[in-house]
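Please read the structure below before turning to the comments.
Fair warning: this is a prediction, and the values are worked out from it, not measured in the lab.
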Amino acid sequence: MLPVLASQSDDIGTKIGINGYGSFKLFGYRFWITSTHIALLILVIAITVLAILANRVIRKSDPYGKPGICMTIIETIVSFIDNTTMSNMGEKHGGKFRNYIGTLLLFIFFSNISGVFGLRPPTADYGVTFGLAMITFFLIHINGFKYQKMKHITGLFDPIPLTPINIIGEISTPISMSLRLFGNVLCGTVIMGLLYNLLPQFLLILWPGALHVYFDLFSGAIQAYVFTMLTMVFISKNFDE
Amino acid sequence: MDGIFNKEFVQGCSALGAGIAMIAGLGPGIGQGIAAGQGAAAVGRNPGARGTVMGTMILGQAIAETTGLYSLIVAILLIFVNPWA
């Protein structure tokens, strides 16, 4: 939980910060159930329900007839994911990664826009974004060892004087990726929280919707796209040669 | 920090530091402006490649935004999770 700016604004910190709803002890440590966990649970259930509905729509659709509205939307999403993976990772390797990339894109997109639905976005918690970035980090290096064998290690020492810079560059990749996503979403959350808590109620009619469109929808979609794009670029730089 | 235990003083200095940290917003602003200008020029020269130019421009701008976000995180840390205030 974030400590608060000053004592007279005690309620603002609990609204824009991460709230704990209960705790339990395990192995001598105290673990908190926070708003991030609850938002993640709601989000996972929502995405699962949407996926099951999409599956039903696909199964019921007639391949020779006219596609309905839902079918068109699903086809657009799937072909967008297919096209981006194929064009960024190549025809040969793109097919293996499109499941993961699609999952990542949908998950980050839905968690970024969940501020619209009144949840605190789970990606505004550094634990979530750092976990996502660590998955990318391990994918980069597992694929590096798989396709380049020992060259992946010797490449670090390529010009010998630059070895520390190469190592720092490898380590800073997940940190910069996670901080970019975290900072963007946290920025929107903090600004919307300050707006809703500091302005009087009668001024907050209709126009905050425009800010929601920018901070939650636009920024969230762009950051989800950027995160998946960087994941694809970093993984696929191990494929060539 | 021998004599300075005054909470208000530390909070005031943290707020000033957060404001100074956000000066770093200048750099990404200039960089994103340059990227948008070049993108507009590219679309003007080759209107057919609008989608590709747009995607590349937005990706580059989002990456250029990173340094600004670092300063934002420093400012937010100074204000909300300051260990001394």
Side-chain angles (χ1 to χ4, degrees), chain A residues 1-10 12-18 80 83-84 87-88 108 112 123-126 129-130 133 172-173 175-191 193-194 215 218-234, chain B residues 4-29 31-33 35-36 39 48-85:
Chain A
M1 240 186 301
L2 301 174
V4 190
L5 179 60
S7 54
Q8 71 267 18
S9 57
D10 217 347
I12 293 175
T14 55
K15 276 186 187 147
I16 64 181
I18 301 165
F80 170 74
N83 285 339
T84 40
S87 63
N88 282 297
I108 298 178
N112 285 355
T123 34
D125 186 338
Y126 190 57
T129 57
F130 189 66
S172 74
T173 303
I175 297 175
S176 78
M177 278 176 77
S178 56
L179 277 181
R180 182 178 302 126
L181 182 57
F182 168 72
N184 255 298
V185 183
L186 184 73
C187 159
T189 311
V190 166
I191 290 177
L194 287 179
F215 284 117
F218 180 70
S219 192
I222 295 244
Q223 287 309 313
Y225 180 68
V226 166
F227 193 93
T228 46
M229 187 64 96
L230 285 178
T231 303
M232 284 188 279
V233 168
F234 284 136
Chain B
I4 305 173
F5 282 115
N6 193 345
K7 207 176 162 211
E8 281 73 22
F9 181 74
V10 176
Q11 275 179 354
C13 284
S14 303
L16 280 179
I20 293 169
M22 285 313 291
I23 293 176
L26 271 178
Q32 286 182 337
R50 191 167 184 278
T52 326
V53 170
M54 197 88 143
T56 316
M57 186 190 83
I58 285 179
L59 189 69
Q61 284 184 333
I63 292 170
E65 215 180 358
T66 313
T67 49
L69 287 171
Y70 288 163
S71 78
L72 175 80
I73 289 171
V74 167
I76 284 175
L77 288 183
L78 271 178
I79 290 180
F80 288 108
V81 277
N82 195 337
W84 300 290

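Minimum interatomic distance between B/L69 and A/R180 (heavy atoms only, all atoms of both residues): CD1-O, 3.5 Å. Taking every heavy atom of both residues into account, B/L72 and A/C187 meet most closely at CD2-CB, 3.4 Å.
Residue pairs meeting the side-chain hydrogen bond (donor to acceptor under 3.5 Å, both in side chains) criterion with at least one partner in residues 48-58 of chain B, sequence neighbours excluded, do not occur; the list is empty.
Within residues 220-228 of chain A, the residues that have a heavy atom under 4.5 Å from a heavy atom of chain B are A/I222, A/Q223, A/V226, listed by number. Listed by sequence position, the residues of residues 22-29 of chain B in contact with chain A number zero, using a 4.5 angstrom heavy-atom cutoff. Using a 4.5 Å cut-off between non-hydrogen atoms, the part of residues 60-68 of chain B that approaches chain A consists of B/A62, B/I63, B/E65, B/T66.
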